[in-house]
Amino acid sequence: MTSFSDLNLDPKVLKAIEAAGYTTPTPIQAGAIPPALEGRDVLGIAQTGTGKTASFTLPMITLLGKGRARARMPRSLVLAPTRELAAQVAENFDTYAKGSRLKKALLIGGVSFKEQDMLIDRGVDVLIATPGRLIDHFERGKLLLTGVEIMVVDEADRMLDMGFIPDIERIFEMTPFTRQTLFFSATMAPEIERITNKFLSNPEKIEVERQNTTSQTITQILVEHTPKRRDMAAKDKREILRAIIERDGDDCRNAIIFCNRKTEVDVVAKSLKKHGYNAEPIHGDLEQSQRTRTLDGFRDGSIRFLVASDVAARGLDIPNVSHVFNFDVPSHAEDYVHRIGRTGRAGKLGTAYTLSTPSDAKYLDAIQSLVKTELPRGENPWTPPGVSKREEAAAEEEAPKRTSSRTRSRSKKVDAPAAETPQPEVKEADTRTKARNEARREQKPDTRNEPRTEARNQPRQQEDRSGASSSRSRGGRGRGGDRDNGPRVVGLGDHVPGFIEMSFEERRGNS
DNA sequence: AAAAAAC
């Protein structure tokens, strides 16, 4: 078995790897590092979580160790699709280039040009960028890419999804054709294939087994719900979300809650906050400073719930995420895989809930055929207020033979035992129903009103969280404390070093 | 149908 010390890496890099607690490279690292060190092009087919980032940062640091950067002429370039991923790559360089004199700059949008300009002017060895901001700098004449010796394209398939491929081609053409290219993609779509044929020369191809989406470390649970009306789905799902959080108690240490739309992200985050939960939103319409702050806060545990758009679905390496919620069923099946992959990392256990309504059926089918399993159905812990289980069942039976009259169906509901018709729905014309309701309320005031109010208020109180956790037996899954004693794994992909568990602030403080 | 990324 290879170890890092067999890989011809710079002794200083080896020392940094050792300090981070690693001895054995992951398959992608073992496959990509040797050819990269020989100066060959590399085509890596691998997803995040396989140790991909280190498979290019480690050889880059080693190769760039000799030589010095000239002003405005970076010696290497790493392109990433999102700002957060670019920042993550930059952190990786910080970790492993500690002993070296390499200078780096992070060029991402949403922050001022000033600092970035200064760094470029002074000369950098490593430039890490999102395509838009890089091209912007280039067009301002602040940047020359003719000195690029190594170019890395990370998450190419996502770049394709985001329409970045023309930009990537443009950037390729601004660099010298003698450069070394390291190219990473989770899939080889035809368009990706075309690009690699055009810009890579005789690459060493390393394919790492597709990450097991039904990984044993992730428990997937589907929670189905049929809203009374279609427009109530979102509101109902917010209730269900809170009910699950309460039910799972301490097991749900933290969670990423994915929504399909940015507006929904805002609504869900606001709603959780209103109910006393520690939650923050993250999506592309928010200020970059806030995005960074929120992600740091989630990483260091000061934020318990990260409500996110798909900006956070891929590649982000946040260890110790206990739960992922698909508040919305993702409409691209691939995204499901990426989203739930934010938990169950580094051999630890994770739970991924997906909330679905009948209108999601089509997307759900696509997901299930992609992951080649039927998602196990879990219990929906939330009951709509005023609707007993019994009545729910009755209503379902009733549904097929329902006749036209709304009034009739409503009065039926009222007749059912323990029913509570929502007051706003009772029209003045319906005086008989109203009177009946009032009479019933007088007869049994506590059994109807009290529990309902309490149930609604319960999650509001912070104390209730610990209260709920005492009864968190979790349907016999019996995992309790074994989250931290999961299967033993080695290498930079699965094993997570201590520093990753720290916030960026803390890491800076350490260096 | 929407998200991401440049000003």
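Since this is a predicted model, take the numbers as computed values, not measurements.
In the set B/dA4, B/dA6, B/dA3, the nucleotide with an atom closest to the side chain of A/Met162 is B/dA4. In the set B/dA4, B/dA6, B/dA2, B/dA2 carries the atom at the smallest distance from any side-chain atom of A/His332. The nucleotide whose nearest atom lies closest to any side-chain atom of A/Arg158 is, among B/dA4, B/dA2, B/dA6, B/dA4. Taking every side-chain heavy atom of A/Lys262 into account, B/dA3 is the closest of B/dA5, B/dA3, B/dA6.
Rounded to whole Å, the distance from CG on A/Leu107 to P on B/dA5 is 15 Å.
Residue contacts for A/Gly110: at a heavy-atom cut-off of 4.0 Å it reaches the sugar-phosphate backbone alone, with no base atom in range. A/Phe113 comes within 4.0 angstrom of sugar-phosphate atoms only, judged by non-hydrogen atoms across all strands, and of no base. Residue contacts for A/Arg314: at a heavy-atom cut-off of 4.0 Å it reaches no nucleic acid atom on any strand shown. If you check every strand for non-hydrogen atoms under 4.0 Å, A/Asp310 touches nothing.
Contact annotation: the side chain of A/Val268 approaches that of A/Leu241 to within less than 4.5 Å [non-hydrogen atoms, C-beta and beyond]. Contact check for A/Lys142 versus A/Asp136: no side-chain heavy atoms found under the 4.5 Å cut-off.
Ring geometry for A/Phe172 against A/Phe183 counts as parallel: the plane angle stays under 30°, on a 0 to 90° scale with 60° as the upper cut.
Contact of A/Ser331 with B/dA2 (side chain to base): no donor-acceptor pair of N or O atoms is detected under 3.5 Å.
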